[in-house]
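Report on the structure given below.
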Amino acid sequence: MEQTLILIKPDAVQRSLTGKIIARFENRGLQMVAAKQLLVDQKLAEEHYAEHVGKPFFAGLVEYITSSPIIAMVLAGNNAVKVARQTIGATDPKEASPGTIRGDYGIDLGRNLVHGSDSTESSQREINIFFSSEQINEWTMANEKWIVE
């Protein structure tokens with residue numbers, strides 16, 4: 001099964017949309033294999049957004065993701081990256097289709113509710129930034145009886 005990283009960003013947590021967002025992924029057949037709430041520090045934010053260093057919006061990304069708690073999740077399923085990205089919708093909520101998370105709940109580009117890995121390569125790199133393999137294995141073992149394959 002493919003895995004992907006999802007971050008429920010500060011605006012979604014502040015607006016109490018966490019449950020609705022998680023339900024969207026579960027309704028698409030993706031299974032949560034790890035999750036945690038955390039306050040992202042500067043170092044973690046810079047590591048996560050490393051590909052954007054030097055771009056004019058980099059500082060804003062870091063400032064925003066460190067502004068309040070987020071939910072980090074690893075989701076698994078067939079074509080998890082593609083399914084998650086379809087569920088999330090276009091980066092700019094004004095361009096996201098109705099029925100997607102950003103299309104239904106998004107306000108603007110700088111506050112677009114969720115991050116989802118954009119490829120299987122990115123997902124592995126990003127998962128390793130937010131979770132150790134032990135955390136994923138412990139979560140899976142603790143919830144083993146609930147996971148249906």
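Predicted, not measured: the structure shown is a model, and the values here were computed from it. Values below: all heavy atoms of this structure, side chains included; hydrogens, waters and symmetry mates excluded. Residue numbers run from 1 in the order of the sequence given.
- Contact between Leu39 and Pro69 at its shortest, heavy atoms only, is CD1-N, 3.7 Å.
- Ile127 CD1 to Ser132 OG: the interatomic distance, rounded to the nearest 0.5 Å, is 12.0 Å.
- Glu126 contributes atom CD, which lies 12.0 Å from atom CZ of Phe131 (distance to the nearest 0.5 angstrom).
- A chain of hydrophobic side-chain contacts below 4.5 Å, direct or via other Ile, Leu, Val, Met, Phe, Trp or Tyr residues, connects Phe57 to Val40.
- In summary, of the residues considered (Ile6, Leu75, Val74, Thr4), a side-chain contact (heavy atoms from CB on, under 4.5 Å) with Ser117 occurs for Thr4 alone.
- The side-chain contact (heavy atoms from CB on, under 4.5 Å) test applied to Lys94 returns Asp92, not counting sequence neighbours.
- For residues 95-124, the pairs satisfying salt bridge (charged side-chain N to carboxylate O under 4.0 Å, His left out) are Arg24-Asp104, with sequence neighbours left out.
- Applying the side chain to side chain donor-acceptor pair (under 3.5 Å) definition to pairs two or more places apart or across chains, those involving residues 12-23 are Gln14-Ser68.
- In this structure, Lys9 forms no cation-pi arrangement with Tyr64, as its terminal cationic atom is not both closer than 6.0 Å to the ring centre and no more than 45° off the ring axis.
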Less than 3.5 Å apart, which donor and acceptor atoms pair up between the side chains of residues 84-91 and the rest of the protein, not counting sequence neighbours?
| unit_1 | atom_1 | unit_2 | atom_2 | d |
| --- | --- | --- | --- | --- |
| Arg85 | NH1 | Gly116 | O | 2.8 |
| Gln86 | OE1 | Arg28 | NH2 | 3.3 |
| Thr87 | OG1 | Arg28 | NH1 | 3.1 |
| Thr87 | OG1 | Val83 | O | 2.7 |

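- A 4.5 Å side-chain heavy-atom check between Phe130 and His48 finds at least one atom pair inside the cut-off.
- Taking CG of Asn128 as the reference point, atom CG of Leu5 lies at 10.0 Å (rounded to 0.5 Å).
- Taken together through direct or relayed side-chain contacts under 4.5 Å among Ile, Leu, Val, Met, Phe, Trp and Tyr, Val81 and Phe25 form parts of separate hydrophobic clusters.
- The shortest heavy-atom contact between Gly103 and Ala96 is N-CB, 3.4 Å.
- Clustering ILVMFWY residues whenever any of their side-chain heavy atoms sit less than 4.5 angstrom apart, transitively, puts Leu38 in the very cluster that holds Val33.
- Note that CE of Met73 is 5.0 Å distant from CD1 of Ile22, once rounded to the nearest 0.5 Å.
- Between the side chains of Ser119 and Ser122, at least one donor-acceptor pair of N or O atoms lies under 3.5 Å.
- Tracing side-chain contacts under 4.5 Å through hydrophobic residues (I, L, V, M, F, W, Y), one reaches Ile129 starting from Phe58; they form part of the same cluster.
- Atom CG of Asn27 has more than 12 heavy atoms from other residues, nucleotides or ligands within 6.0 Å.
- Sequence neighbours left out, the pairs with a member in residues 50-61 that pass salt bridge (charged side-chain N to carboxylate O under 4.0 Å, His left out) are Glu51-Arg125.
- Contact annotation: the side chain of Leu17 approaches that of Leu113 to within less than 4.5 Å [non-hydrogen atoms, C-beta and beyond].
- Checked by atom type and distance alone, the side chain of Glu2 pairs as donor or acceptor with a backbone atom of Ala80 at under 3.5 Å.
- For the atom pair CD (Gln42) and CD (Glu63), the distance works out to 9.5 Å, reported to the nearest 0.5 Å.
- Leu7 contributes atom CG, which lies 5.5 Å from atom CD1 of Ile65 (distance to the nearest 0.5 angstrom).
- Sorted by first and then second residue, the ring-ring contact (aromatic ring centres under 6.0 Å, His included) pairs involving residues 80-109 (not counting sequence neighbours) form an empty list.
- In plain terms, the two heavy atoms of Gly77 and Leu30 that are nearest each other are CA-CD2, 4.1 Å.
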